[in-house]
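Treat the numbers as computed from the prediction; the structure is a model and nothing was measured.
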Amino acid sequence: MLLAKSRRENPRQAAAGILARLDVADICEPPEIAGAGFINFRLRPDFLARQFAETAGDPRLGVPLAARPRRILVDFSSPNIAKPMHVGHIRGTILGDALARVARFLGHDVVTDNHVGDWGTQFGKIICGLKHFRDDAALAADPVPELVRLYRKVDGDETLLQASRDELVKLQGGDPENREWWNRCVEWSRHAFEEIYALLGVSFDRWLGESFYNDALRPLVDRLLRSGVAEISEGAACIFFPDDPALREAPCLIRKSDGGYLYATTDLATIEYRVRELNRDLLWYVVGAPQQLHFKQIFAAAAKMGLPAAAIHIPFGSILGENRKLMKTRSGENVPLRDLLMEGIDRARRIVEEKNPDLPEREEIARAIGIGAIKYAELSQYRMTDYIFSWDKMLSFQGNTAPYLQNAYVRIRSIFRKLEAGAQAGAGEFAFAEPAEFALAKKLFQFGETVPQILNDFRPNILANYLYELANAFHAFYEACPVLKSEGAIRRTRLALCDATARVLEKGLGLLGIEVPARM
RNA sequence: GUCCCCGUAGUUCAACGGAUAGAACGGAGGUUUCCUAAACCUUAGAUGUGGGUUCGAUUCCCGCCGGGGACACCA
């Protein structure tokens, strides 16, 4: 029909023209034209069996490599030092990790970078607090909450404003004592972050925080002023975009009138480093939707600087609480991410213990299920949608949830455990007969076309929905087609379907950053 | 005021411009001497509103209504 449109033909006539020149007799039954100009192909069972044998033997499970591999940098997560990670970080962290995994699998050269917020005016207050009010026992036990307490104490006390400013100036000037306090803050926070990333199974190739670019800011601004990319306006160094209607009245400020540098300055230095030093030609910023204007500005600025790379902001919506407001604790604080993850694991553990009390490795299973449920709830829907966080929904273990998919995998593993060692089905032709077998095989073929689609618009939910349909097709097959009790080519076919399903589920969930337990 | 995002069953979410708008939860009904019933099967129920483009619009364009967000010296 697309062809008919471009040629201004009647869609049904175009379809007839295609069929007249098409020879697919060895693949399917004679095609039929239906509706407005659709062509229906009915695959022949022998073709399906041949095709399945090929796909089932493919280590990539039918997923093609990218025709044009890129050198991609994925910027995601980026929490702030001296603050606990909270629910606000979970979407970006999970989404960025999944997109990086998918890009790698498709053959792109991927570098992940955690651009932590380790520099800024808040350190004046924190250092001031550390010098005068610190509780060493609390710092030793759990430093980040103590840093938060100190920041709040100083922040709420107007008599300490000047002292905080002085500490900040000393830090920026390289004062050794303040520098040492700052270093410790970074270390403390990094440990707290690593604990959470370990729970989530997320890792980064680089941790180049904002402070990494400090020395680059002044030369960068000077250079941009000299080259005319930037100009002074009302005392501040700005980049203007007169040719861009969206940015005509939104210049990008890169130096304040007091000489200080800004968020945008660091980000520009970061882009330059990523392109020139890390040799990236495509930058992905997985950052919340509210920052869309900011990225539009710095990308336009980078273009004016002539940096040879494409940069894409991949925005996402918010997580809301049951009251449809931004998710907070009862006292109005951000929900610490660690608490959230531990609660997910606890809930999963209780359910596993109730359902299946004799399992070994219960801790690992609880982690795979609890964390998997949280990740799947995020990744199974469109990233721009604001969504309501609900334990009961994501851990109900019914319907379109991670445990449902994991359960399909577990059932397959169970079959293979029961298959005695010498009793493998052996090589030979496959034989398809039951509708449930056809349906499952056809679903398996679709994996190869589904995975690359994710990157069209950065939508892991396409893969999540596919995996759900695959698990659904498997469960139906499992009900209708006994595997171990069948014989000969039938048994061989069913075992191969099980094996291929397990591998696609494991790979597909793995691309989403979700683990599959062997039992549950 | 300008710009961006979102409006789909009671609820939470899907649908490169394609066929009868898919699921899940919740509702109603059914399935287990059989590989994990965390499952399967059946069933009722929805595109905010008005135009336009198209053979065809949830999707693209314009207006309106409703919700959220961003808009020079914070990050």
Measure the distance from [atom1] on [X] to [atom2] on [N] and round it to the nearest whole Å.
X: A:Phe477; N: B:U36; atom1: CZ; atom2: P; answer: 14 Å
X: A:Tyr382; N: B:U58; atom1: OH; atom2: C1'; answer: 14 Å
X: A:Phe316; N: B:A70; atom1: CZ; atom2: P; answer: 14 Å
X: A:Leu268; N: B:A75; atom1: CG; atom2: C1'; answer: 15 Å
X: A:Leu293; N: B:G69; atom1: CG; atom2: P; answer: 16 Å
X: A:Ile254; N: B:A75; atom1: CD1; atom2: P; answer: 14 Å
X: A:Asp457; N: B:A14; atom1: CG; atom2: C1'; answer: 14 Å
X: A:Ile298; N: B:A70; atom1: CD1; atom2: P; answer: 18 Å

Handout entry: Between B:C5 and B:U43 - P atom distance, rounded Å
Key =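 Roughly 39 Å separates the two P atoms.
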Exercise for the section: Would you tell me if any nitrogen or oxygen in the side chain of A:Lys355 comes within less than 4.0 Å of OP1 or OP2 on B:A38? Expected result: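 Checking A:Lys355 against B:A38: at least one side-chain N or O falls below 4.0 Å of OP1 or OP2.
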Exercise for the section: Ignoring backbone atoms, test whether A:Arg248 places a side-chain nitrogen or oxygen under 4.0 Å from the OP1 or OP2 oxygen of B:U2. Expected result: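 Checking A:Arg248 against B:U2: no side-chain N or O falls below 4.0 Å of OP1 or OP2.
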Nearest-nucleotide pick for [X], side chain only, options being [options]:
X: A:Arg411; options: B:C35, B:A72, B:A39; answer: B:A39
X: A:Asn407; options: B:A75, B:A38, B:A37; answer: B:A38
X: A:Tyr478; options: B:G69, B:A37, B:A14; answer: B:A37
X: A:Ser257; options: B:A14, B:C73, B:G69; answer: B:C73
X: A:Tyr404; options: B:A75, B:C41, B:A39; answer: B:A39
X: A:Lys256; options: B:C73, B:C40, B:G69; answer: B:C73
X: A:Val483; options: B:C35, B:A14, B:U36; answer: B:C35
X: A:Ile369; options: B:C34, B:A38, B:A75; answer: B:A38
X: A:Glu210; options: B:A75, B:C73, B:A15; answer: B:A75

Practice task
Check the geometry between A:Phe38 and B:A19 and answer yes if their rings are stacked (centres below 5.5 Å, planes below 30°), otherwise no.
Solution key: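 A stacking contact exists, since A:Phe38 sits close and nearly parallel to the base ring of B:A19.
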Practice task
Check whether NZ of the Lys or CZ of the Arg A:Arg492 lies under 6.0 Å from the centre of the six-membered ring of A:Phe430 and within 45 degrees of that ring's axis.
Solution key: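 Not flagged: A:Arg492 not positioned over aromatic ring of A:Phe430.
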Problem - Where the chi angle of B:A21 falls, syn if within 90° of 0 and anti if not - result: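 What B:A21 shows is an anti base, its glycosidic angle lying more than 90° from 0.
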Please check if the side chain of [X] supplies one atom and the backbone of [Y] the other of a donor-acceptor pair under 3.5 Å.
X: A:Asn80; Y: A:Val116; answer: no
X: A:His89; Y: A:His86; answer: yes
X: A:Arg383; Y: A:Phe458; answer: yes

Problem - Donor-acceptor pair (no angle test) under 3.5 Å: A:Asn472 side chain, B:A24 base - result: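 There is none.
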Problem - Over 12 non-hydrogen atoms of neighbours within 6.0 angstrom of CD in A:Glu487 - result: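 No, the 6.0 Å shell around CD holds no more than 12 heavy atoms from other groups.
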Practice task
Determine whether the aromatic ring centres of A:His475 and A:Tyr404 lie less than 6.0 Å apart.
Solution key: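 So the answer is yes for these two rings.
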